[in-house]
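What follows is one structure encoded as structure tokens, with my remarks underneath.
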Amino acid sequence: MTIKRKACIAGAYEHPTRKAPDKTVAQLHAECARGALADAGLTLQDVDGYFCAGDAPGLGANNMADYLGLTKLRHIDTTDTGGSAYLIHVSHAAQAIAAGKCDVALVTLAGRPRSEGSSGVAPRLVTANTPDVPWEMPYSPVIVNMYALAAARHMHEYGTTSEQLAWIKVAAAAHAQHNPNAMLREPVTVEEVLASPMISDPLHKLDCCVVSDGGGALVVVRPEIAARLKRPVVNILGAGETIKGQLGGHVDLTWSGAAISGPIAFKEAGVSPADIQYASIYDSFTITVLMQLEDLGFCKKGEGGRFVADGNLISGVGTLPFNTDGGGLCNNHPANRGGITKVIEAVRQLRGEAHPKVQVPDCTLALAQGTGGLLGSRHGSATLIMERQ
Amino acid sequence: MTTPYTERPLAPVTVDAATEHFWTQAKEGLLCTRRCTSCGEVHWYPRALCPFCMGDTEWCSLSGLGTIYSVSVTRRAGPIAYAIAYVALDEGITLLTNIVDCDFDDLKIGQRVEVTFKPAEGGAMVPMFKPA
Ligand SMILES: [Zn+2]
């Protein structure tokens with residue numbers, strides 16, 4: 001069975017807030033759900049599949065489904081692979097629709113890490129009995145240094161430079177200046193990235209994504225339903241997912257899970273990286289983008305630095321426009337999980353609804369890629385390929 | 001520029017069925033992991049079942065010698081800078097650790113290192129690495 005053209009993204013909504021001290025996480029989820037259903041032209045009563053991950057408060061989907069008032073559910077999925085989970089949700093929703101398990105799937109994400117004072121230099125939340133914790137916590141792994149270790153190794157193996165990584169932030173900022181909701185709207189230069197404080201070698205402050213409140217939601221539907229709605233039809237063509245860890249101690253930081261999830265998605269979609277007109281690439285840190293671009297095959301392994309340099313990711317300038325909303329680096333990283341905003345901006349591009357300054361002309365084929373968890377130890381990877389019908 | 005190593009407080013370690021022997025050995029200045037009794041491979045971090053074949057495993061000692069696979073000096077996650085690293089041991093496994101007792105700004109990938117032990121609250125000795 002394939003999911004190719006078996007399901008469509010009919011609704012997409014990104015919450016405009018970036019700081020929400022007066023709202024609860026559940027309320028943000030609900031506001032996102034309402035926005036995505038309204039965007040699709042559907043209602044609460046149409047939803048028979050619900051998807052959420054660890055940012056949803058309570059026990060799995062139980063509490064959120066009840067809060068939202070979802071009474072027609074016949075398919076539930078709470079796959080959690082960190083920030084990549086929401087791309088997996090879209091894929092799993094397409095599988096469920098293709099298998100007849102649901103017709104209208106709702107995916108929600110929301111969180112308030114900014115209001116709650118979270119940051120990338122705090123220890124990653126872990127639960128009791130997590131088996132790797134006793135072996136790693138004494139060494140103070142935090143989010144940023146578990147990406148920095150991958151960046152340092154990439155520089156050592158391939159000669160990648162901080163200047164090249166900085167170009168990724170420069171491209172994101174060039175896009176964010178056109179997004180009125182973006183947290184950081186000022187264009188930046190390579191020099192400004194390099195002059196920003198060193199957080200964990202070789203990652204500077206401006207190599208890191210923002211910490212923002214907010215959220216997003218998606219509605220995935222059966223093609224027959226999408227056909228009678230008033231929005232442009234976005235088909236799901238292919239998807240891939242995997243988890244990469246430390247390989248029993250044979251640690252290899254030169255590749256990410258995208259090297260596995262990417263080829264699976266391309267094969268199912270029947271397209272190649274050269275066909276992709278727009279790419280949403282998870283940008284928790286600049287190195288995350290560079291690694292995924294290589295692993296997805298947009299350039300050869302080790303050549304990511306040269307690929308991203310000189311504005312190659314800037315819409316209207318380079319060959320691969322990326323994260324035209326400003327991405328996690330500048331726009332929004334709600335719940336410290338950026339996966340859903342990656343899909344949302346890809347949908348905007350395919351509908352022709354991105355900001356005119358960053359809209360890719362006649363965008364018919366787009367990719368969204370997520371890496372959730374820690375690039376340097378354990379992460380989930382998900383790749384999604386979509387087309388405008 | 002220099003960034004000297006500074007001692008930082010280490011929280012008590014987790015002692016449970018998976019880790020107790022390791023911490024007992026560490027107090028003696030010994031580094032160990034587990035080896036599979038079926039396929040013979042050593043792995044890291046130590047597990048009761050082999051991550052390569054699901055065979056049973058047993059404790060085995062390690063030389064404590066290796067090279068830095070990657071290193072990052074974390075300068076702004078708290079008041080004290082520290083060097084987090086992956087060290088590739090001569091036995092063929094790579095573990096997450098800290099590099100200590102040196103000027104962090106001189107650290108390089110590929111550098112030879114050897115194990116040393118630093119005290120945590122509660123009396124455990126935590127293996128770390130210093131330039132060999
Ligand atoms: Zn084995």
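Just the heavy atoms: all of them, side chains too, but no hydrogens, waters or symmetry mates, feed the values below. All of these numbers come straight from a predicted model, not from anything done at the bench.
Note: Thr97(B) leads Thr97(B), Val126(B), Asp16(B) in heavy-atom pairs under 4.5 Å with chain A. Of all the listed residues (Lys108(B), Lys118(B), His43(B), Arg75(B)), the one sharing the greatest number of non-hydrogen pairs under 4.5 Å with chain A is Arg75(B).
Within the 4.5 angstrom heavy-atom criterion, atoms from both the backbone and the side chain of Ile84(B) approach chain A. With a threshold of 4.5 angstrom between heavy atoms, Pro127(B) approaches chain A through its backbone and through its side chain. For chain B, no part of Met155(A) is nearby; none of its heavy atoms comes within less than 4.5 Å. Residue Val71(B) touches chain A through its backbone alone, counting heavy-atom pairs closer than 4.5 Å. Ala85(B) touches chain A through its backbone: at least one of N, CA, C or O sits under 4.5 Å from a heavy atom, while the side chain does not. With a threshold of 4.5 angstrom between heavy atoms, Phe104(B) does not approach chain A through any atom at all. With a 4.5 angstrom heavy-atom cutoff, Leu247(A) touches chain B only via backbone atoms.
Other residues, nucleotides and ligands place more than 12 heavy atoms under 6.0 Å from the CD atom of Glu163(A). Environment of NZ in Lys205(A): sparse, with no more than 12 heavy atoms of neighbouring residues, nucleotides or ligands closer than 6.0 Å.
Judged by distance alone, the side chain of Arg153(A) and the main-chain N or O of Tyr69(B) form a donor-acceptor pair under 3.5 Å. Put simply, the side chain of Arg76(B) gets close to the backbone of Met198(A): a donor and an acceptor are under 3.5 Å apart. In this structure, Asn98(B) contributes its side chain and Tyr139(A) its backbone to a donor-acceptor pair below 3.5 Å. Checking side-chain atoms of Thr94(B) against main-chain N and O of His250(A) turns up no donor-acceptor pair under 3.5 Å.
Heavy atoms only, all atoms of each residue included: Pro138(A) and Leu10(B) are closest at O-CD2, 3.6 Å. Considering all non-hydrogen atoms of both residues, Ala152(A) and Ile109(B) come closest at O-CD1, 3.6 Å. Considering every non-hydrogen atom in both Val142(A) and Ala77(B), the closest pair reads CG2-CB, 4.4 Å.
When side chains are defined from C-beta on, Ser377(A) does not count as touching Leu96(B), because their heavy atoms never get closer than 4.5 Å. Between Arg8(B) and Ser140(A) the shortest side-chain heavy-atom distance falls below 4.5 Å. The shortest side-chain heavy-atom distance between Pro46(B) and Trp135(A) falls under the 4.5 Å cut-off.
Side-chain contact check for Tyr45(B) and Glu136(A): no donor-acceptor pair (N or O, by modelled atom type) lies under 3.5 Å. Checked by atom type, the side-chain pair Asn145(A)/Ser72(B) shows no donor-acceptor distance below 3.5 Å.
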**Message:** Walk me through whether Leu149(A) and Tyr86(B) qualify under side chain to side chain contact (heavy atoms under 4.5 Å, CB included).
**Reply:** CA-CA 8 Å; Leu149(A) 285 168; Tyr86(B) 275 113; 4.0 Å; yes
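Taken to the nearest 0.5 Å, the CD1 atom of Ile93(B) stands 11.0 Å off from the CD atom of Gln246(A).
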